[in-house]
Amino acid sequence: MKKRIRALALALAAVLALGTLAGCGSASAADDKYIIRIGHNQSTNHPTHTGLLAFEEYIESELGDKYEVEIFPSELLGSQNEMVQLTQTGAITFCVASNSLLETFSENYTLFNLPYLFSSPEAYHASMDDPDITGPIFESTKQAGFEAVTWLDAGTRNFYTIDTPIETPEDLQGLKIRVQQSPTNVTMMELLGGSATPMGFGDVYTALQAQMLDGAENNELALTDNGHGDVCKYYSYDMHQMIPDILIGNLDFMEELSEEERAIFDEGFEILNQTQREAWETAVEEAKDRAENEQGVNFIYPDIEPFQEVLQPMHEDMLEQYPDLAPIYELIQEHNAEFESAS
């Protein structure tokens with residue numbers, strides 16, 4: 001593993017030195033600024049990129065004499081797994097990682113991957129905004145060399161397939177479905193009867209096109225922003241997960257910030273969070289309209305209760321395996337109850 005991380009860091013250094021990525025390279029002696037490099041796997045049209053641009057603008061407006069922010073979309077710095085490793089070493093400063101990937105670095109992230117953990121988007125947002133819930137989880141990767149600094153909305157995850165409408169769990173029997181690279185997601189597919197196929201997000205379109213996969217699971221933007229709706233014609237709102245994306249930062253960088261600088265960065269993280277979430281709502285509506293009217297995707301609204309029943313044992317198993325997460329789980333249930341009663 002150490003050799004792999006070192007190789008990634010050396011490869012990135014070589015690319016930056018050659019200047020093959022626009023805007024990369026060490027700061028000049030004239031300005032002597034620290035270059036903050038941020039990587040993510042989405043396109044420049046995605047709400048995550050929009051939020052990061054707002055973060056860049058704020059940081060440079062407040063600390064532009066010392067820091068310059070450079071954002072690299074579309075896996076220009078490698079896959080999510082590779083970017084996390086580069087963030088660990090400090091080869092890049094921040095990256096956006098899926099919660100499912102972070103589960104492999106800290107068991108605490110297992111909680112957010114649970115299917116049907118949140119009863120509604122409102123309960124999901126309230127829970128993720130609650131520092132009593134996110135604090136212990138965000139700080140749990142410090143021993144791995146990075147910490148989470150904010151969360152980003154990734155909507156609800158649903159199944160979409162090439163030519164098989166998913167209306168009940170039985171419809172998934174035997175289908176090869178791409179899932180995120182996490183043990184929880186593999187278990188979820190096994191319980192539903194599908195064949196879990198973990199792979200990096202950047203490889204999914206080609207695999208769908210070649211029919212190496214029967215489908216995948218993700219939010220609506222995957223249909224349009226990543227072209228999956230050109231191949232998959234059925235999108236089923238089973239709403240099995242609401243999993244955040246997480247911005248993580250190199251621990252050494254974060255701990256070397258002065259108290260005043262950290263306060264500015266924390267404000268920048270909040271601006272990123274709010275900007276991304278506002279852009280997300282608009283992007284989802286636009287994606288649904290385009291997928292239906294331009295790509296010919298059929299949207300299906302199944303009864304989710306059968307899916308919930310099949311996956312409920314995962315909650316009990318998680319609490320039995322990770323009893324320390326029980327208090328956080330209960331706090332989430334309080335938010336669920338709050339919004340259920342309000343509705």
Side-chain angles (χ1 to χ4, degrees), residues 41-42 79-81 97-104 109-110 112-118 154-245 287-288 291 295-315 317-318:
N41 68 348
Q42 303 292 353
S79 67
Q80 276 198 3
N81 191 48
S98 70
N99 184 87
S100 296
L101 175 58
L102 296 180
E103 179 184 343
T104 63
Y109 280 93
T110 303
F112 291 154
N113 286 340
L114 268 184
Y116 299 109
L117 175 63
F118 305 105
T156 61
R157 298 186 74 88
N158 305 284
F159 292 111
Y160 53 93
T161 53
I162 296 174
D163 54 16
T164 304
I166 305 301
E167 299 187 26
T168 69
E170 289 73 25
D171 294 328
L172 288 162
Q173 289 288 329
L175 296 186
K176 294 180 181 177
I177 303 294
R178 180 267 175 176
V179 297
Q180 296 184 87
Q181 295 158 301
S182 89
T184 299
N185 286 38
V186 171
T187 300
M188 176 185 72
M189 285 311 306
E190 289 174 348
L191 288 173
L192 289 169
S195 176
T197 307
M199 68 171 61
F201 187 61
D203 298 323
V204 178
Y205 179 83
T206 301
L208 288 169
Q209 196 174 41
Q211 297 196 6
M212 296 167 56
L213 295 170
D214 296 303
E217 50 86 41
N218 211 321
N219 56 60
E220 300 92 337
L221 270 64
L223 298 173
T224 56
D225 217 33
N226 305 99
H228 296 182
D230 295 337
V231 183
C232 295
K233 299 306 177 183
Y234 295 96
Y235 189 94
S236 178
Y237 276 104
D238 67 294
M239 302 179 70
H240 55 265
Q241 286 169 315
M242 300 177 196
I243 304 179
D245 284 334
K288 289 176 66 176
Q295 295 174 305
V297 175
N298 298 284
F299 287 95
I300 302 167
Y301 298 86
D303 179 6
I304 66 171
E305 189 171 339
F307 294 88
Q308 290 174 314
E309 290 176 356
V310 171
L311 298 175
Q312 181 59 35
M314 292 185 68
H315 289 235
D317 291 346
M318 188 278 296

Fill in the blank from the handout: Ser98 meets the side-chain hydrogen bond (donor to acceptor under 3.5 Å, both in side chains) criterion, sequence neighbours left out, with Gln80, Gln180

Value rounded to 0.5 Å, distance of [atom1] in [X] from [atom2] in [Y]:
{"X": "Glu305", "Y": "Gln312", "atom1": "CD", "atom2": "CD", "answer": "11.5 Å"}
{"X": "Asp317", "Y": "Leu114", "atom1": "CG", "atom2": "CG", "answer": "9.5 Å"}
{"X": "Asp171", "Y": "Thr161", "atom1": "CG", "atom2": "OG1", "answer": "9.0 Å"}
{"X": "Leu311", "Y": "Leu192", "atom1": "CG", "atom2": "CG", "answer": "4.5 Å"}

Practice task
Quick one: do Met314 and Thr187 satisfy side-chain contact (heavy atoms from CB on, under 4.5 Å)? Show the steps, please.
Solution key: CA-CA 8 Å; Met314 292 185 68; Thr187 300; 4.1 Å; yes

Could you pull out the closest heavy-atom pair between [X] and [Y], with the gap in Å?
{"X": "Ser100", "Y": "Ile243", "answer": "OG-CD1, 3.7 Å"}
{"X": "Leu223", "Y": "Ala291", "answer": "CD1-CB, 4.0 Å"}
{"X": "Ile166", "Y": "Ser236", "answer": "O-OG, 2.5 Å"}
{"X": "Ile300", "Y": "Pro165", "answer": "CD1-CB, 3.6 Å"}
{"X": "Leu221", "Y": "Ala287", "answer": "CD1-CB, 4.0 Å"}

Exercise for the section: Please answer whether the main-chain N or O of Tyr109 pairs with a side-chain N or O of Asn99 as donor and acceptor at a distance below 3.5 Å. Expected result: yes

State, yes or no, whether a side-chain contact exists between [X] and [Y] at a heavy-atom distance under 4.5 Å.
{"X": "Cys232", "Y": "Ile162", "answer": "yes"}
{"X": "Ile304", "Y": "Tyr116", "answer": "yes"}
{"X": "Met242", "Y": "Leu117", "answer": "no"}
{"X": "Phe307", "Y": "Pro302", "answer": "yes"}

Practice task
Please assess Asn158 against Met239 for the test side-chain contact (heavy atoms from CB on, under 4.5 Å), listing each intermediate value before the final yes or no.
Solution key: CA-CA 5 Å; Asn158 305 284; Met239 302 179 70; 3.5 Å; yes

Exercise for the section: Let me see the working for Phe159 and His240 under ring-ring contact (aromatic ring centres under 6.0 Å, His included), right down to the final yes or no. Expected result: CA-CA 8 Å; Phe159 292 111; His240 55 265; 4.3 Å; yes

Exercise for the section: Scan for salt bridge (charged side-chain N to carboxylate O under 4.0 Å, His left out) pairs involving residues 228-241, sequence neighbours excluded, and state none if there are none. Expected result: none

Fill in the blank from the handout: Contacts of Glu217 meeting salt bridge (Lys or Arg N to Asp or Glu O under 4.0 Å) (sequence neighbours excluded), chain-then-number -> Arg157

Exercise for the section: Using ring-ring contact (aromatic ring centres under 6.0 Å, His included) as the criterion, list what pairs up with Tyr235, not counting sequence neighbours. Expected result: Tyr160, Tyr237, Phe299

Practice task
Verify the distance criterion only: is there a donor paired with an acceptor across the side chains of Asn113 and Asn185 at less than 3.5 Å?
Solution key: no

Handout entry: Residue pairs fulfilling ring pair (Phe, Tyr, Trp, His ring centres under 6.0 Å) with at least one residue in residues 166-197, sequence neighbours excluded
Key = none

Would you mind writing out the side-chain donor-acceptor pairs for residues 193-215 within the sub-3.5 Å range, not counting sequence neighbours?
{"unit_1": "Tyr205", "atom_1": "OH", "unit_2": "Gln209", "atom_2": "NE2", "d": "3.4"}
{"unit_1": "Asp214", "atom_1": "OD2", "unit_2": "Lys176", "atom_2": "N", "d": "2.7"}

